[in-house]
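Below you'll find the structure, written out as structure tokens, and then a few comments.
This chain uses plain numbering: 1 for the first residue, then up along the sequence. Both counts, for ligands and for their atoms, begin at 1 and track the order of listing.
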Amino acid sequence: MNILLLGSGGREHTLAWKLSQSPRLTSLFIAPGNAGTATIGTNLPITVTDFHAIGEACHRHKINMVIVGPEDPLVYGIHDFFLANPNLRSIPVIGPTKQAAMLEGSKDFAKAFLKKYNIPTARYETFTKETLSKGISFLHTLVPPYVLKADGLAAGKGVVICPELDEAITELTSMLSDAKFGAASSKVVIEEFLDGIELSAFVITDGIHYRIFPEAKDYKKIGVGDTGPNTGGMGSVSPVPFAQGELLENVERQVIRPTLEGLSAEGITYQGFIFFGLMNVRGVPYVIEYNCRLGDPETESVLPRIQGDFVELCQAVADGSLDQVSMDLDPRYTASVMLVAEGYPGSYEKGKEITGIDQVSGSFVFHAGTKQADGRIVTNGGRVLAVTSFGDTMEMALKKSYMNAEKIQFEGKYYRRDIGFDL
Ligand code: AMP
Ligand code: GLY
């Protein structure tokens, strides 16, 4: 089978690595990919939202399945584009339709869905420019800190947490009246602040059946001890020591099952991955957000723990036969440490030569922001590489990743040295 994988981050290099282990795979294409995916398959210079070019590439390379990494193509309707095109309809797209991707594409949709199906989530209300004054009154009824969320996709920047009321009022006004996040903030969700520890859970579903992937914890802040600005993610570990037994049962019973039942009650057939961003509040898993894709850098820790044929798993999503496929998990721990460019998540330079990857032993190196240039590998993004290791304990996995992270060099390399510190 020929597969086209969309995306260019560490998640996609990990997916490509996993897919490439399947005897069912003939050729793998990645659009646009990075220097890591180029060692596994063929990179195509196509952006993930150029649906016409993606359709053409499917013809040219006789693609039998498209697997979507990031959210944008899903929220913009790539699955629907394939279904609406007679020449593409027979190619399964692993990733939900536009309507189903609203779970990530609209915070207001997601919150209304969570409320309707009685899934634990923070109390909230949604406001528009016209109801700004009501929004300000609502803020007065809450206790600090205040959580404001732009409704639409905002490249991970649409959530603002304000410690003070006046700051929250200014922020709400700038989101609604001054379109701070463009059309994405034409609606704003204001919700109660939840105090707890975060956890990422994942399922793969064919619309009827589901399989639960290993859970993970992601470290979003740039600085040691979870300080400083948010990033795309600085590292991850799996399994998560506090998320065992009863909590995981609650995640399945209170979150996963009602979500899938709710989708089905809404007449939405969801085929693909669902990422549940959860907050453990005294044993109850509150949903902070849904994503219609896998997480990054969670995928770098989660996929190595999944044993078996990932192509078979994706094929079963397309066929509606996930109940027929077994999925075994590696019981060991994985830990991923993200190496990032100096300045990230603010402005940073690209094009720095990366050396020492060949010195790494006993860890995987998953490329994120890298590309090939004149036979060298150079940085091409803020998050550059993820170093992932197995260990019998989380500490052993981390130790191996840190040892190998030292061996990789590029100008301005930075990484957090305290991944897992809170566990
Ligand atoms: P999101 O983009 O929805 O993942 O939100 C970004 C981050 O904001 C989350 O990972 C949480 O750390 C934080 N966050 C979002 N909603 C809440 C909430 N209701 N209470 C506390 N923290 C939150
Ligand atoms: N690691 C969080 C995300 O992928 O959104």
Self-check item: Atoms in ligand 1 flagged as close to Lys220, the criterion being non-hydrogen separation under 4.0 Å
Solution: 10 (O)
Quiz item: Under 4.0 Å from any heavy atom of Met279, which atoms of ligand 1 are there?
Solution: 21 (C), 22 (N)
Quiz item: For ligand 1, is there an N or O atom under 3.5 Å from any N or O atom of Asn230?
Solution: no
Quiz item: Would you call Glu198-Lys217 a salt bridge at under 4.0 Å N-O?
Solution: no
Quiz prompt | Geometric N/O contact Arg11 with ligand 2, under 3.5 angstrom | solution = no
Practice problem: For atom 20 (N) of ligand 1, find the nearest protein heavy atom and state the residue, atom name and distance (0.1 Å precision). | Solution: Leu194 N, 2.8 Å
Quiz prompt | Phe138 and Phe127 aromatic ring geometry - parallel, tilted or perpendicular at 30°/60° bounds | solution = tilted
Quiz prompt | Lys111 bridged to Glu125 by N-O distance under 4.0 Å | solution = no
Quiz item: Hey, are Glu300 and Arg11 close enough for a salt bridge, meaning a charged N less than 4.0 Å from a carboxylate O?
Solution: no
Quiz prompt | Test item, Ile161 contacting ligand 1 (heavy atom, 4.0 angstrom) | solution = yes
Quiz item: Does atom NZ of Lys98 have more than 12 heavy-atom neighbours, drawn from other residues, nucleotides or ligands, at distances under 6.0 Å?
Solution: no
Exercise. Measure the distance from atom 15 (C) of ligand 1 to every protein heavy atom, then report the residue, atom name and distance (to 0.1 Å) of the closest one.
Key: Ile288 CG2, 3.3 Å
Exercise. Provide, to 0.1 Å, the distance between atom 18 (C) of ligand 1 and the closest protein heavy atom, together with that atom's residue and name.
Key: Glu191 OE2, 3.6 Å
Quiz item: Can you tell me how far CG of Asp319 sits from SG of Cys314, rounded to the nearest 0.5 angstrom?
Solution: 11.0 Å
Quiz item: Quick one: nearest non-hydrogen protein atom to atom 16 (N) of ligand 1, plus distance?
Solution: Lys149 NZ, 3.0 Å
Quiz prompt | ligand 1-proximal atoms of Val159, by part, heavy-atom distance under 4.0 Å | solution = side chain
Exercise. Note the single closest protein heavy atom to atom 5 (O) of ligand 2, along with its residue, its atom name and the distance in Å.
Key: Arg293 NH2, 2.9 Å
Quiz item: What's the verdict on side-chain hydrogen bond (donor to acceptor under 3.5 Å, both in side chains) for Ser238 and Arg305, showing C-alpha distance, side-chain angles and the deciding distance?
Solution: CA-CA 8 Å; Ser238 177; Arg305 295 191 56 222; 2.8 Å; yes
Practice problem: List every atom of ligand 2 that sits less than 4.0 Å from any heavy atom of Gly295, numbering the atoms from 1 in the order shown and giving each element. | Solution: 4 (O)
Quiz prompt | Side chains of Thr97 and Asp80, donor plus acceptor under 3.5 Å | solution = no
Quiz item: Can an N or O of Glu298 be found at a distance shorter than 3.5 Å from an N or O of ligand 2?
Solution: yes
Quiz prompt | Identity of the nearest option to atom 9 (C) of ligand 1, non-hydrogen atoms only, from Lys107, Arg123, Glu198 | solution = Glu198
Self-check item: Protein contact of atom 4 (O) of ligand 1 - nearest heavy atom, named by residue and atom, plus distance
Solution: Glu289 OE2, 2.7 Å
